[in-house]
Amino acid sequence: MSLSYRALALLLSYPTEATRALLPDAAGVLVADARIPPAIRRALGKLAEDIATADIYETQERYVWLFDRTRSLSLNLYEHVHGESRDRGQAMVALLELYRSKGLELSANELPDHLPVFLEFLSTLPDEEAASLLGEGAHVLHAIGERLHKRQSPYRAVFGALTALAADSGDAEALASLMAEPDDNPDDLEAMDRLWAETAVTFGPSDVGCPKADALVKAMNANPRPAPTRAGAAA
């Protein structure tokens with residue numbers, strides 16, 4: 001089982017004094033993971049230091065502006081596939097049942113499709129199994145990373161690491177379709193209001209979206225194993 005997924009989940013969590021205190025240890029885990037390219041490991045170390053030492057209010061504002069206000073960078077995976085439709089709720093219920101079948105219970109304020117939560121789940125699995133499940137959405141992770149790169153955001157290093165850890169590099173056609181989607185600008189408030197009111201984000205065709213619960217269930221049930229014990233929350 002890999003602590004790197006939990007360390008990456010911590011970097012993608014809303015910064016608080018409590019989470020910032022854990023970042024030096026998380027950076028140590030990631031810098032030592034040879035599966036991640038050296039340049040990305042160095043960037044992860046710098047990101048962890050930046051989050052841990054910068055003004056906390058500025059750090060929190062940056063996080064909210066990126067991941068809460070910019071819908072194309074949302075960390076809620078099924079939002080990219082289903083928007084706020086009923087289908088998203090059904091998919092999250094199925095994903096929650098998958099977590100429970102493997103011994104992971106979420107708190108009341110954790111959404112099962114939130115990427116840090118999904119990464120914590122992967123941290124309870126054997127490396128090969130976790131890498132396979134992460135590969136289900138490799139093209140989505142790559143696209144978010146590219147959008148962060150265009151913004152020159154240091155958070156792009158997290159998605160570079162996730163892409164490196166995934167067993168599958170992702171479908172090129174699905175990635176191209178995803179990158180053709182508009183990348184919303186949170187500074188354009190009128191456009192943002194129209195986007196949220198009128199359209200659901202769709203990262204490519206519906207059959208090549210983020211990791212779907214049914215695909216995860218099928219992959220997990222192919223090799224049943226004893227339920228792991230949760231060691232603590234990442235978010």
Side-chain angles (χ1 to χ4, degrees), residues 1-77 80 114-123 127 130-131 134-135 137-170 175 178-179 183-187 231-235:
M1 299 181 187
S2 176
L3 290 176
S4 290
Y5 294 112
R6 185 161 294 183
L8 292 168
L10 187 66
L11 284 173
L12 285 180
S13 298
Y14 179 75
T16 65
E17 293 293 0
T19 60
R20 295 194 335 160
L22 299 174
L23 286 174
D25 288 340
V29 168
L30 294 169
V31 169
D33 193 332
R35 298 172 299 173
I36 302 173
I40 295 179
R41 279 184 270 165
R42 291 192 294 270
L44 290 169
K46 291 179 181 179
L47 173 61
E49 182 179 6
D50 176 56
I51 297 173
T53 60
D55 179 83
I56 188 167
Y57 297 110
E58 293 180 0
T59 302
Q60 290 172 339
E61 181 180 16
R62 175 180 64 179
Y63 181 95
V64 169
W65 202 250
L66 279 174
F67 300 120
D68 292 342
R69 286 197 54 84
T70 309
R71 196 175 186 188
S72 58
L73 298 176
S74 174
L75 298 180
N76 295 329
L77 297 177
H80 296 295
H114 193 53
L115 182 54
V117 174
F118 181 63
L119 294 177
E120 182 185 350
F121 172 63
L122 295 185
S123 77
D127 289 345
L134 188 64
H139 58 292
V140 175
L141 300 173
H142 181 79
I144 295 176
E146 284 296 309
R147 286 173 170 165
L148 289 168
H149 182 76
K150 287 196 301 182
R151 289 171 167 80
Q152 298 184 331
S153 169
Y155 277 101
R156 66 184 182 270
V158 177
F159 291 86
L162 290 174
T163 300
L165 292 171
D168 190 336
S169 60
L175 176 59
L178 193 158
M179 292 302 297
D183 186 6
D184 45 304
N185 177 10
D187 291 318

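Positions are given from 1 along the sequence. As the structure is a computational prediction, the values presented were derived from the model and not from experiment.
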### Query
Step by step, would you call L73 with Y155 a side chain to side chain contact (heavy atoms under 4.5 Å, CB included)?
CA-CA 11 Å; L73 298 176; Y155 277 101; over 6 Å; no
What distance separates [X] [atom1] from [Y] [atom2], expressed to the nearest 0.5 Å?
X    : Y    : atom1 : atom2 : value
E120 : H114 : CD    : NE2   : 11.0 Å
R42  : L30  : CZ    : CG    : 14.5 Å
F121 : Y5   : CZ    : OH    : 12.0 Å
D25  : R6   : CG    : CZ    : 13.0 Å
D68  : Y14  : CG    : OH    : 8.5 Å
E146 : H139 : CD    : NE2   : 14.0 Å

For [X] versus [Y], what's the shortest heavy-atom pair and its separation?
X   : Y    : result
P37 : A164 : CD-CB, 3.7 Å
P15 : Q60  : O-NE2, 2.8 Å
I51 : R62  : CG1-NH2, 3.8 Å
I40 : A161 : CG2-N, 3.8 Å
T16 : I56  : C-CD1, 3.9 Å
A9  : S13  : O-OG, 2.7 Å

### Task
Starting from the C-alpha separation in whole Å, work towards a yes-or-no answer on side chain to side chain contact (heavy atoms under 4.5 Å, CB included) for I144 and L75.
CA-CA 9 Å; I144 295 176; L75 298 180; 5.6 Å; no
### V158 vs L148 side-chain heavy atoms within contact, under 4.5 Å
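No; the side chains remain at least 4.5 Å from each other.
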### Message
Could you tell me if the side chain of L119 sits less than 4.5 Å from the side chain of L134, heavy atoms only?
### Response
yes
Side chain of [X], backbone of [Y]: donor and acceptor closer than 3.5 Å?
X    : Y    : result
R147 : A143 : no
Y63  : L12  : yes
R156 : S153 : yes
T70  : W65  : yes

### Trace of the side chain to side chain contact (heavy atoms under 4.5 Å, CB included) decision for L122 with L165
CA-CA 11 Å; L122 295 185; L165 292 171; over 6 Å; no
### Task
May I have the step-by-step check of side chain to side chain contact (heavy atoms under 4.5 Å, CB included) for L44 and V31, ending in yes or no?
CA-CA 8 Å; L44 290 169; V31 169; over 6 Å; no
### Message
I'd like to know if R20 pairs up with E17 as an ion pair, taking the criterion as any Lys NZ or Arg NE/NH1/NH2 lying under 4.0 Å from an Asp or Glu carboxylate oxygen.
### Response
yes
### Query
Should the pair F159 and F67 be assigned to parallel (<30°), tilted (30 to 60°) or perpendicular (>60°) ring geometry?
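Correct class here is tilted.
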